Structures are given as structure tokens and as C-alpha cells.
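Remember, predicted model here, so these are calculated numbers, not experimental data. Heavy-atom basis, side chains included; hydrogens, waters and symmetry copies ignored.
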Amino acid sequence: MKSKKEQLQELVDRAPQQVRGRAPTPEEMDKLQTYKVQVKALLEQLPPGDSGITYKGIMRALNTKEKVGLVLDLERFNISEQASDSACIDIPSIRQQARCRSISKQGRNEKSGEALDYLCVLDFEATCNEDGPVPIPQEIIEFPVLLLNIKTGRVEDTFHHYVRPDVHPRLSPFCTSLTGITQDVVDGGICLTAALARHREWLDRHGLVNAGNHCADGGAPSDGRAAAPTRFLYVTAGNWDLQTCLPNQLAHHGWDDDVSGGPFGPGSWINIVKPYRTLYGKKSRRSRSMTAMLDDMGLALEGRLHSGIDDCRNIARICACMLEDGWQPEATTVT
């Protein structure tokens with residue numbers, strides 16, 4: 001009788017090719033459905049545990065040329081070849097194309113060497129013009145952050161405020177058209193310093209410490225006992241939010257770093273585009289956009305593009321998929 005390892009290897013080898021550029025034929029649909037039933041049946045035979053192997057993860061991985069997620073899931077999962085049998089599965093044909101680091105570093109920040117607990121998905125919206133010069137400074141008008149649990153891939157809390165610009169208080173028609181944010185919304189918003197202070201309070205309430213610069217206090221217990229810090233990094237789709245937008249606005253007003261609440265310095269965020277391209281072997285410039293990443297993953301855009309909170313939700317969906325496929329979050333190095 002074939003071992004579970006051999007059965008799983010055969011199942012991988014005979015995975016149907018994904019149909020692209022046309023509708024699948026009834027025969028192809030039948031083959032795919034049969035294959036899905038076989039995958040589910042085999043997964044039900046595997047012993048329970050923290051394997052990370054899921055039906056969704058296997059099917060997503062098999063629909064990519066690199067099959068990165070399946071490689072990582074199989075390497076994390078020990079299947080018995082003897083009575084308890086704990087030899088790791090090794091599938092060279094898949095591993096040749098995998099773009100990933102050692103499994104032992106999963107969920108760890110390379111700079112600090114300590115485990116990450118959360119990702120804070122952030123996407124500012126700021127004042128802008130269709131024609132003419134860019135406003136100086138571009139002022140944040142929407143400040144959304146989602147708290148994503150690395151272990152579960154789920155969003156556990158939301159921070160969201162609209163921010164009232166003070167240098168250029170009137171939004172351009174283009175800005176409203178692009179973001180969906182109207183003048184009355186920002187007029188009823190809070191100032192940037194208040195938004196930053198409330199964000200710091202939100203981080204402190206969750207006991208969050210940025211793994212890149214250690215600027216939050218970690219929420220130590222009042223009885224003096226040392227608390228294990230809850231470590232996080234921000235996630236953005238590009239470097240603009242935390243490398244350009246916020247620093248430029250703070251510098252324009254002459255505010256020092258303390259005004260920002262401290263957690264936004266170099267090494268405090270992940271530009272999701274870079275690990276995405278590495279994990280899935282993407283070299284095209286097209287993969288730099290959030291919508292391109294969603295398209296590559298077969299995910300539809302949810303909500304409104306350039307709505308900060310909706311963009312955060314879509315970026316969080318990308319992060320959840322990448323975590324399931326074996327991504328190891330690390331801070332982006334900006335030179």
C-alpha cells in the first residue's frame with residue numbers, strides 16, 4: 001500500500017493545468033471537480049495538527065506555476081512513513097521554482113530575530129490635483145489601519161479616521177472623484193496631530209510594539225511583571241505612505257518624530273509589493289500595483305479603489321493569502 005507521502009506526491013504530479021484565456025470545457029470542469037474531491041479525501045486522512053495544510057491553500061498553490069504555497073505547506077507538514085513516521089515531504093520539481101526563505105524563519109523579523117504577532121495594514125489617502133503641481137505638502141485626509149493576526153490571517157480590529165487638512169483645506173474635484181472623500185467628510189474630520197495621538201493610543205491599547213524600531217511601550221502590566229511584547233510591522237502597498245507622505249507633512253510643520261507617536265521610522269514597515277514578487281517569482285513591473293496582485297491571485301477588487309479603508313481590506317486579503325502560502329514577513333529596507 002502506498003504511503004501518504006507517495007499518494008500526495010502523485011496527487012501533485014497529476015494536478016490539472018489551469019485554463020487561461022478561455023472558458024474551460026465540460027470535460028475540463030469534470031476533471032477539476034474530480035481532482036478537488038481527491039484532494040479533500042486525502043486531506044481528511046492526514047493526522048490533525050498545526051500543519052498549515054488546507055484545501056484552499058493547496059488549490060491556490062496548484063493554480064500558480066511556482067506552487068510556492070504547496071511547497072511550504074508540505075515542508076511544514078510531517079507525514080508518517082513508519083508508525084509515527086515524521087519524514088518531511090520533499091518535492092524537488094516544485095521546490096526548484098519556490099522563492100522563499102527557510103521555514104524555520106517563518107513569521108520572524110530578520111532584523112530583530114523575534115517573532116511577529118501582527119501586521120498593521122495602512123493606506124493613507126492624501127490631497128491631490130489632476131492638473132498642475134502636486135500640493136506641498138500632500139496632506140493625509142484618510143488614516144485607516146487594519147490589525148491582521150499573522151497566525152490566523154484574520155483582521156481583528158480597525159483604526160479609521162478622516163483627517164482635516166490645514167494647509168490646503170479645500171479638496172480638488174479630482175481628489176474627491178478619485179478617493180470618494182467629499183469636502184464635508186474632511187471638514188468633519190480630526191486634525192493630523194489628533195489622528196496620530198489616537199493611533200498611538202490604539203497601538204498601546206493592543207500592547208503593540210513595532211518590531212522595526214521598538215518605539216511603543218508594549219503594554220507592560222501594572223504590577224511590574226515583564227510582559228512579552230506584541231510585535232508588529234506596518235504593511236503598505238508601496239513606500240510612499242511612510243517614506244514620503246507622512247514625513248513630508250511632519251517636516252512641513254516642523255514637527256519632530258514624537259508627534260507621530262514614534263512607530264513610523266525606517267524599518268517599521270513592509271512594502272508588500274517586494275515580498276509578493278519574491279514569493280511568487282514575479283518580475284513584471286505590472287505586479288507593483290495592488291490590483292495586479294489581486295488579479296494574479298484570482299481575487300476580485302472589493303469596495304472602491306483609492307478608498308483608504310477599502311484598499312486596506314484588499315491589501316489585507318493579499319497578506320492573508322501570502323501568509324497561507326508561506327510568506328515570512330520582514331521589514332522593507334529602504335536605501
Side-chain angles (χ1 to χ4, degrees), residues 120-147 158-203 210 234-266 268-273 288-294 301-316 318 332 334:
C120 284
V121 183
L122 177 151
D123 189 84
F124 293 141
E125 297 303 324
T127 53
C128 54
N129 297 322
E130 182 174 19
D131 300 311
V134 174
I136 300 177
Q138 280 192 278
E139 296 172 272
I140 295 168
I141 57 175
E142 187 180 5
F143 193 144
V145 184
L146 301 182
L147 185 64
T158 300
F159 175 88
H160 186 214
H161 283 283
Y162 290 101
V163 181
R164 184 176 62 253
D166 53 6
V167 179
H168 306 285
R170 301 299 300 176
L171 300 184
S172 69
F174 172 75
C175 186
T176 294
S177 174
L178 181 70
T179 65
I181 300 172
T182 58
Q183 187 64 47
D184 62 318
V185 169
V186 295
D187 287 346
I190 60 178
C191 66
L192 180 61
T193 53
L196 291 167
R198 292 187 189 186
H199 180 62
R200 175 58 186 265
E201 291 170 1
W202 182 78
L203 294 177
N210 193 293
Y234 290 103
V235 174
T236 58
N239 292 319
W240 175 83
D241 301 83
L242 296 180
Q243 184 183 16
T244 303
C245 181
L246 180 59
N248 284 357
Q249 190 170 355
L250 295 179
H252 180 86
H253 289 285
W255 296 333
D256 60 27
D257 290 341
D258 289 339
V259 176
S260 72
F264 297 109
S268 67
W269 75 88
I270 300 168
N271 173 2
I272 194 62
V273 176
R288 293 184 179 183
S289 73
M290 180 189 74
T291 53
M293 290 187 280
L294 290 170
L301 176 72
E302 294 184 356
R304 179 191 180 109
L305 184 62
H306 299 304
S307 158
I309 190 63
D310 287 345
D311 284 354
C312 281
R313 290 168 180 149
N314 284 299
I315 296 167
I318 293 169
T332 295
V334 179

Legend entry - Evaluation steps, side-chain contact (heavy atoms from CB on, under 4.5 Å), between L146 and R313: CA-CA 7 Å; L146 301 182; R313 290 168 180 149; 3.8 Å; yes

For the residue pair [X] and [Y], establish whether any side-chain heavy-atom pair is separated by less than 4.5 Å.
X    : Y    : value
I318 : M290 : yes
M293 : I272 : yes
I141 : C175 : yes
L171 : V185 : no
F264 : L122 : yes
C120 : L147 : yes
P165 : V186 : yes
D241 : W269 : no

How close do [X] and [Y] get, heavy atom to heavy atom, and via which atoms?
X    : Y    : value
C245 : I140 : SG-CG1, 3.7 Å
I136 : H168 : O-NE2, 3.1 Å
P144 : C312 : O-SG, 3.6 Å
S177 : R304 : O-NH2, 2.5 Å
A195 : F143 : CB-CD1, 4.0 Å

For the backbone of [Y] and the side chain of [X], can you confirm whether one donor and one acceptor N or O come within less than 3.5 Å of each other?
X    : Y    : answer
N210 : S268 : yes
T176 : I181 : yes
D184 : G188 : no

Which value, rounded to the nearest 0.5 Å, describes the distance between [X] atom [atom1] and [Y] atom [atom2]?
X    : Y    : atom1 : atom2 : answer
T127 : F174 : OG1   : CZ    : 11.5 Å
E125 : D311 : CD    : CG    : 5.5 Å
F159 : E201 : CZ    : CD    : 9.0 Å
L192 : Q249 : CG    : CD    : 4.5 Å

Inset, instruction - Start with the C-alpha distance between N248 and E139, add both sets of side-chain angles, then the distance that settles side-chain contact (heavy atoms from CB on, under 4.5 Å), and finish with yes or no. - result: CA-CA 9 Å; N248 284 357; E139 296 172 272; over 6 Å; no

Legend entry - Test side-chain contact (heavy atoms from CB on, under 4.5 Å) applied to L301 and N314, step by step: CA-CA 7 Å; L301 176 72; N314 284 299; 3.3 Å; yes

Legend entry - Criterion side-chain contact (heavy atoms from CB on, under 4.5 Å) on D166 and C191, from CA distance to verdict: CA-CA 8 Å; D166 53 6; C191 66; over 6 Å; no

Inset, instruction - Can you spot which of T332, T236, V121 makes a side-chain contact (heavy atoms from CB on, under 4.5 Å) with I270? - result: T332

Inset, instruction - Test E142 against every option in H160, H161, H306 by the side chain to side chain donor-acceptor pair (under 3.5 Å) rule and name the one that passes. - result: H160

